[in-house]
Amino acid sequence: MTQDRAESALRIRIEAAKQAHNHPHPRHKANGDEERYSAANYAMSFTKGLDHDPNLGVVAQKHHFEAFRDAIDEGRIERFTARVPVPLAPEACKRRQWEAPTAGTAFDLQGPDAQAVTMPPAPALCSDELAFEMAEVYELALLRDVPLLSFDQDGGPGSAALNAAISRLNGLGYAQSGFPGRPRKTDSAGALTRQTAFRGSSPGVETGPYLSQFMWIGNDDPAGIHSVADGYVRYGAQFIDQRVFYPEDGKDYMQLWDDWLTVQQGVDVNECGQCSEGQSFTGQQRFICTPRDLATYVHFDALYQAYLNACVILLGMKTPFDAGIAKLSGMRDMYDLHAPGTRLNTGGFALYGGPHILTLVTEVATRALKAVRYQKFNTHLRLRPEALAARIEKAEDLDKAFPVLCGAFGKTSKQLADTVKAVRDFNQARAGDATALLPMAFAEGSPMHPSYGAGHATVAGACVTILKAFFDTGTVLGISDEDDCTRGKPGFYHKISEPLYFMPVEKGEKLDTRRPECPLTLEGELNKLAANISIGRNMAGVHYFSDYYDSLRMGEQVAIGMLEEQALCYPTDKAVFSLPTFDGDLIRIGAR
């Protein structure tokens, strides 16, 4: 028996390896801007941390970027010290390090290889799509302190600013042509509204409040100390408070050229005594109420944090598992021809239960991060929004200095004329200079790695896909009317006596209940959670919409690959995972 078990274990491992191997490695394609504008000192590529021309803002010497690219291609960490010229940091300041530039060349023993999944080319310079998504990032910076409640209903604080932003976006060519690339949620006339703008693309994200319930609510505890509406997530005998330390309103960074240049050089301004942890805080906590609050959450989160919280909340609510898993976990009765209504005398734990899903929902994150690092460094090397804004600020000088640009930055600036004017007015009022630089939520701006894809969004796609595979995404949020111990409690269930949702009130001090026009589904709230975390990074100014859109779907593919291998490991009790994708299709894994 011992030898038979060893042979069976080997066979499963070989089958899983073959299954991963049979996923064809795609050809990875970038948008061509790196080569197209190489003569303009790689003006459309990620160069943060290299030495920059103080007047134009592009890398000072094109061969500096080429040494950076060579180090990436060689895939050895020490090459970044030996071959890449970097500027000296001012005295008493540290220089920031590039983050995991070789991670995409590492291997894993579970899930698809980091290079077996890919993303399409990012929107290119001069495209209507790039102009539109840069406008979105600009507009979100201007709306950073508008209450999220105003994103849902007219008449609240900041409504005029929000309406003006949406009007400017609807007037752009990409919106006028119906969003032909990566679609946005719109109304029946194809226009953005306050209920659809900045919300993501997947089913359910436009229903109910902007923020997912999983960013606010907690769960009940056996001692009766806290309820769902108190916003405490119970981890065993401890609690995690969903409230965040919130930063000062109106405190933005990198709006002046010298500040932008210092950060672009790779100086760690957080180590120079200029600020604390990259933001200025009030010293108080509240439920997330504004885009700035959400940007703060994604500034400091452990990447799988929101999804681990969601998983613990759902387990605490006794949310039904998906039918295939519920059968194996003992969560539902067995119905067959021989013993109708028979209930299993075995329940899920290490298999098909809480520890199983809690492990998977975090484990998948490392695979997602390796995959997205290959896209970031080895494929696209896309510049961050803070750098594109600097190109717009210096458009006339850049177009004059580099004939190869053929006036490209001036064209982009004209496409965004109304939004750029609003930004210049904003920076004049807040910082004393009417620049077109992007007001950043963090003193250090973006992280030290390229924009496309997005780490947060790839992890979001992977972790939420695991949650969808285990839980019944067709459940709705309301007061339970189930015939078990959940009756009368709020949560996601099949049978409810009344639908509801939770909203912060009293400036985020507590949560209150509301009745929705349309019940919130678990699928929608999980899709919304993935969008919130991903687009929260856009709210900070560090990512574009396409970073969210394509990274989310790549993360989904990583998770699907892991689930396919998981399904091989249960030869007796066959596990079948069913889940809706971010595009709304239903897939089944393990069904043969």
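Positions are given from 1, in the same order as the sequence printed here.
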Practice problem: Taking salt bridge (Lys or Arg N to Asp or Glu O under 4.0 Å) as the test, write out the residues that go with Asp221, two or more places apart. | Solution: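 Expected list: none.
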Any donor and acceptor pair, going by atom type alone, linking the side chain of [X] with main-chain N or O of [Y] inside 3.5 Å?
{"X": "Ser534", "Y": "Ala531", "value": "no"}
{"X": "Lys468", "Y": "Pro580", "value": "yes"}
{"X": "Trp260", "Y": "Glu386", "value": "yes"}
{"X": "Thr521", "Y": "Gly524", "value": "yes"}
{"X": "Asp252", "Y": "Leu438", "value": "no"}
{"X": "Trp98", "Y": "Lys48", "value": "yes"}
{"X": "Asn532", "Y": "Ser212", "value": "yes"}
{"X": "Arg96", "Y": "Glu444", "value": "yes"}
{"X": "Asp472", "Y": "Gly474", "value": "yes"}

Practice problem: Could you please spell out the steps behind the salt bridge (Lys or Arg N to Asp or Glu O under 4.0 Å) verdict for Arg382 and Glu133? | Solution: CA-CA 14 Å; Arg382 188 186 193 188; Glu133 64 176 1; 2.6 Å; yes
Quiz item: Pick one: which of Arg514, Lys510, Arg515 meets salt bridge (Lys or Arg N to Asp or Glu O under 4.0 Å) with Asp512?
Solution: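 Exactly one option meets the salt bridge (Lys or Arg N to Asp or Glu O under 4.0 Å) with Asp512, and it is Arg514.
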Self-check item: Lys/Arg-Asp/Glu bridge criterion (N-O < 4.0 Å) met for Lys251, Asp145
Solution: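 A salt bridge is absent here (no side-chain N lies under 4.0 Å from a carboxylate O).
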Quiz item: Does the distance from a Lys or Arg side-chain N to an Asp or Glu carboxylate O, for Arg553 and Glu556, drop under 4.0 Å?
Solution: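 No.
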Does the side chain of [X] reach to within under 4.5 Å of the side chain of [Y], using non-hydrogen atoms?
{"X": "Asp187", "Y": "Thr196", "answer": "no"}
{"X": "Pro209", "Y": "Lys528", "answer": "yes"}
{"X": "Tyr493", "Y": "Thr475", "answer": "no"}
{"X": "Met254", "Y": "Leu437", "answer": "no"}
{"X": "Leu315", "Y": "Leu358", "answer": "yes"}

Practice problem: Go through the steps for Tyr174 and Phe179 under the test ring-ring contact (aromatic ring centres under 6.0 Å, His included), then give the verdict. | Solution: CA-CA 6 Å; Tyr174 191 64; Phe179 304 103; 5.6 Å; yes
What about [X] and [Y], are their ring centers closer than 6.0 Å?
{"X": "Phe426", "Y": "Tyr138", "answer": "no"}
{"X": "Phe321", "Y": "Phe471", "answer": "yes"}
{"X": "Tyr352", "Y": "Phe470", "answer": "no"}

Self-check item: Donor on one side chain, acceptor on other, Gln375 and Tyr452, under 3.5 Å
Solution: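 Result is no, nothing qualifies.
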Practice problem: Check the side chains of His543 and Arg384 for a donor-acceptor pair under 3.5 angstrom, ignoring hydrogens and angles. | Solution: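 Note: Arg384 and His543 side chains meet the donor-acceptor criterion.
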Practice problem: Kindly confirm or rule out a cation-pi arrangement of Arg182 over Phe545, judged by NZ or CZ under 6.0 Å from the six-membered ring centre and within 45° of its axis? | Solution: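 Arg182 over Phe545 ring: no.
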Quiz prompt | Closest non-hydrogen atom pair between Ala530 and Val464, with its separation | solution =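 Shortest heavy-atom separation between Ala530 and Val464 comes out as CB-CG2, 4.0 Å.
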Quiz item: Of all heavy-atom pairs between Phe198 and Glu136, which one has the smallest distance, and what is that distance?
Solution: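 Closest pair (atom of Phe198, atom of Glu136, distance): CE2-O, 4.1 Å.
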Quiz item: If you draw a 6.0 Å radius around OH in Tyr304, do more than 12 non-hydrogen atoms from other residues or ligands fall strictly inside?
Solution: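 Counting neighbours around OH of Tyr304, 12 or fewer heavy atoms of other residues, nucleotides or ligands fall under 6.0 Å, so no.
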Exercise. Show your working on salt bridge (Lys or Arg N to Asp or Glu O under 4.0 Å) between Arg194 and Asp152 and close with a plain yes or no.
Key: CA-CA 6 Å; Arg194 64 174 54 247; Asp152 308 326; over 6 Å; no
Exercise. First locate atom CD1 of Ile240, then atom OH of Tyr232, and finally report the distance between them rounded to the nearest 0.5 Å.
Key: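 If we round to the nearest 0.5 Å, Ile240:CD1 and Tyr232:OH are 11.0 Å apart.
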